[in-house]
Undergrad: 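I'd like to ask some things about the structure below.
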Amino acid sequence: MASRKLLLLLKPLDDYAVAAQSHGLSRITNPQVVHHLESRSKVHREAIRYCQNVLRRKFVDWEPILRDNVSQLIRNVDMVVTVGGDGTLLHASHFVDDSIPLLGVNSDPTQVAEVEEFGNQYDATRSTGYLCAAIVDNFEQILDDILEGQLQPSELSRISICVNSAPLSTYALNDVLLAHSCPAAVSRFSFRIKRKGHSCSPVVNCRSSGLRVSAAAGSTAAMLSAGGYQMPILSRDLQYMVREPISPGVASNLMHGFLNPDQTMEVAWFCKEGAIYIDGCNVCYKVKDGDTLEISSEAPVLKVYLPSRLLEKEILPIRRTSDVEKPKLSHM
């Protein structure tokens with residue numbers, strides 16, 4: 001039997017050096033903060049070493065690569081193992097189609113006791129790893145289960161964006177933010193919901209801080225913080241929210257809603273400049289006055305080995321929608 005081919009995609013160690021610089025390490029007088037940052041780097045380094053040692057014992061061909069060195073579509077591997085956190089898994093998701101599954105290893109999980117002891121002195125959190133199925137302690141067992149065919153990946157929805165009918169090359173796993181390039185400026189746009197080319201909502205004109213559209217995987221991030229709803233992880237729906245709408249008036253009940261898998265959001269942009277941010281700030285596309293966007297879930301799914309806690313958790317969000325048919329939230 002041919003050995004499986006794996007790509008080991010690593011969060012760079014120097015990310016912690018950058019974090020230290022952003023904290024102004026040369027001016028830090030609290031030795032606990034310095035120790036925390038050094039500890040994070042050490043734990044991550046040890047996790048990388050451990051995962052590599054595990055792979056050396058398995059009947060697999062594998063190659064390590066730093067996250068920042070991936071710039072083209074990943075091909076000719078059976079699986080990608082990411083070592084870092086959700087950011088590393090998100091980065092990998094931008095370079096795989098629906099044929100290559102991802103396994104996330106959270107290399108530096110947040111320690112509850114550490115946060116409880118030091119959280120009032122500095123930010124003692126580490127990595128959330130919401131989508132990561134493995135940590136160092138269970139990585140080998142999960143890997144064995146995958147190689148033996150006992151674990152199957154789940155399929156997560158992604159977001160597709162077209163600008164002036166031309167599809168963007170990057171699909172969003174978490175969310176898409178459309179906003180003015182200056183965060184202090186007003187974003188002016190309109191949107192409507194369409195199904196099979198026909199409108200199923202009125203045109204909504206907006207002045208706001210922008211528009212966010214989230215897939216199920218991203219519904220616990222900025223969308224939830226802004227007052228949205230956590231969605232079942234396998235939902236095929238998208239959730240949208242107009243950020244800080246200015247005097248929405250009679251359209252106030254249309255500022256937040258859901259798109260079914262057969263629906264598309266059509267957005268017309270009316271500012272001189274703007275930007276589409278995909279899964280954070282690292283992937284950005286410029287837009288200008290008169291551009292038209294189409295946002296939908298018509299994107300290749302992402303195959304991910306998910307933590308069992310996400311698959312076991314039943315979440316029933318309250319629905320607000322502009323669609324007069326009041327569609328139900330879709331599942332696998």
Side-chain angles (χ1 to χ4, degrees), residues 94 157-216 218-219 222-223 226 228 236-301 320-325 327:
H94 297 159
S157 285
R158 291 193 279 188
I159 305 172
S160 170
I161 310 105
C162 292
V163 179
N164 301 325
S165 300
L168 300 184
S169 60
T170 305
Y171 302 115
L173 176 60
N174 262 7
D175 55 28
V176 173
L177 173 63
L178 172 64
H180 196 285
S181 303
C182 173
V186 174
S187 296
R188 292 177 172 83
F189 58 91
S190 69
F191 73 87
R192 61 177 173 174
I193 311 301
K194 302 178 72 175
R195 177 187 284 120
K196 297 180 180 179
H198 301 287
S199 295
C200 51
S201 82
V203 175
V204 182
N205 292 295
C206 301
R207 292 183 301 145
S208 71
S209 297
L211 172 70
R212 188 181 301 278
V213 181
S214 161
S219 65
M223 182 63 73
R236 292 288 184 253
D237 287 0
L238 302 181
Q239 184 175 178
Y240 70 87
M241 180 179 289
V242 177
R243 302 168 72 216
E244 302 170 326
I246 301 171
S247 303
V250 295
S252 59
N253 65 326
L254 303 176
M255 297 293 104
H256 178 210
F258 291 79
L259 305 177
N260 279 354
D262 62 347
Q263 294 177 322
T264 298
M265 172 176 277
E266 183 179 88
V267 184
W269 184 251
F270 300 133
C271 291
K272 183 178 179 181
E273 59 182 273
I276 304 167
Y277 299 97
I278 297 179
D279 290 337
C281 62
N282 291 327
V283 181
C284 177
Y285 295 88
K286 299 297 183 182
V287 291
K288 61 184 183 304
D289 187 15
D291 283 348
T292 300
L293 289 72
E294 293 179 352
I295 303 172
S296 72
S297 59
E298 294 182 4
V301 297
R320 285 189 283 172
T321 177
S322 58
D323 192 346
V324 294
E325 295 182 23

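Side chains included, hydrogens not; waters and symmetry mates left out as well; all remaining heavy atoms used. Along the sequence shown, residues are numbered consecutively beginning with 1.
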Undergrad: Can you measure from CD1 (I295) to CD1 (I159) and round to the nearest 0.5 angstrom?
TA: 7.5 Å
Undergrad: Can you check whether L238 reaches M265 side chain to side chain, under 4.5 Å on heavy atoms?
TA: no
Undergrad: Walk me through whether S214 and M241 qualify under side-chain contact (heavy atoms from CB on, under 4.5 Å).
TA: CA-CA 9 Å; S214 161; M241 180 179 289; over 6 Å; no
Undergrad: List in chain and number order the residues that pass side chain to side chain contact (heavy atoms under 4.5 Å, CB included) with P167, two or more places apart in sequence or in another chain; answer none if no residue qualifies.
TA: C162
Undergrad: My understanding is that only residues two or more places apart in sequence, or in another chain, count here; which of them pass side chain to side chain donor-acceptor pair (under 3.5 Å) with D289?
TA: none
Undergrad: What's the shortest heavy-atom distance between S208 and R243, and which atoms?
TA: CB-O, 3.0 Å
Undergrad: What are the two closest non-hydrogen atoms of S219 and M223, and how far apart are they?
TA: O-CB, 4.2 Å
Undergrad: Just wondering, do I193 and Y240 contact through their side chains at under 4.5 Å, heavy atoms?
TA: yes
Undergrad: Kindly give the heavy-atom pair with the smallest separation between A299 and R158, and that separation in Å.
TA: CB-O, 3.7 Å
Undergrad: Taking all non-hydrogen atoms of both residues, which atom of S297 and which atom of P261 are closest, and how far apart?
TA: OG-CA, 3.6 Å
Undergrad: For S209, which residues count as a side chain to side chain donor-acceptor pair (under 3.5 Å) partner, sequence neighbours excluded?
TA: E244
Undergrad: Once rounded to the nearest 0.5 Å, what's the spacing between atom CZ of F191 and atom CG of L211?
TA: 7.0 Å
Undergrad: Kindly write out the residues that satisfy side chain to side chain contact (heavy atoms under 4.5 Å, CB included) with D262, not counting sequence neighbours, or none if the list is empty.
TA: R195, N260
Undergrad: Could you list the residues that satisfy salt bridge (Lys or Arg N to Asp or Glu O under 4.0 Å) with K286, not counting sequence neighbours?
TA: none
Undergrad: Looking at residues at least two apart in the chain, or sitting in another chain, which of them share a side chain to side chain donor-acceptor pair (under 3.5 Å) with S169?
TA: Y285
Undergrad: Report yes if some heavy atom in the side chain of P248 is under 4.5 Å from a heavy atom in the side chain of V242; otherwise report no.
TA: no
Undergrad: With sequence neighbours excluded, tell me which residues meet side chain to side chain contact (heavy atoms under 4.5 Å, CB included) with A185.
TA: H180, C182
Undergrad: Just jot down the side chain to side chain donor-acceptor pair (under 3.5 Å) partners of E266, sequence neighbours excluded, or say none.
TA: R192, K194
Undergrad: Search all heavy atoms of N164 against all heavy atoms of G290 and return the closest pair with its distance.
TA: OD1-O, 4.4 Å
Undergrad: Does N205 have more than 12 heavy atoms from other residues, nucleotides or ligands lying within 6.0 Å of its CG?
TA: yes
Undergrad: Restricting to non-hydrogen atoms, name the atom on Y171 and the atom on S160 that form the minimum distance, rounded to 0.1 Å.
TA: CD2-CA, 4.1 Å
Undergrad: Please list all pairs passing the salt bridge (Lys or Arg N to Asp or Glu O under 4.0 Å) test where one or both residues lie in residues 176-190, with sequence neighbours left out.
TA: none
Undergrad: Pairs of donor and acceptor atoms involving the side chains of residues 267-281, under 3.5 Å and at least two apart or interchain, shall be tabulated with distances.
TA:
from	atom 1	to	atom 2	distance (Å)
W269	NE1	C271	O	3.3
W269	NE1	E273	O	3.3
E273	OE1	S181	OG	3.3
D279	OD1	L173	N	3.3
D279	OD1	N174	N	2.7
D279	OD1	D175	N	3.0
D279	OD2	H94	NE2	2.7
D279	OD2	L173	N	3.0

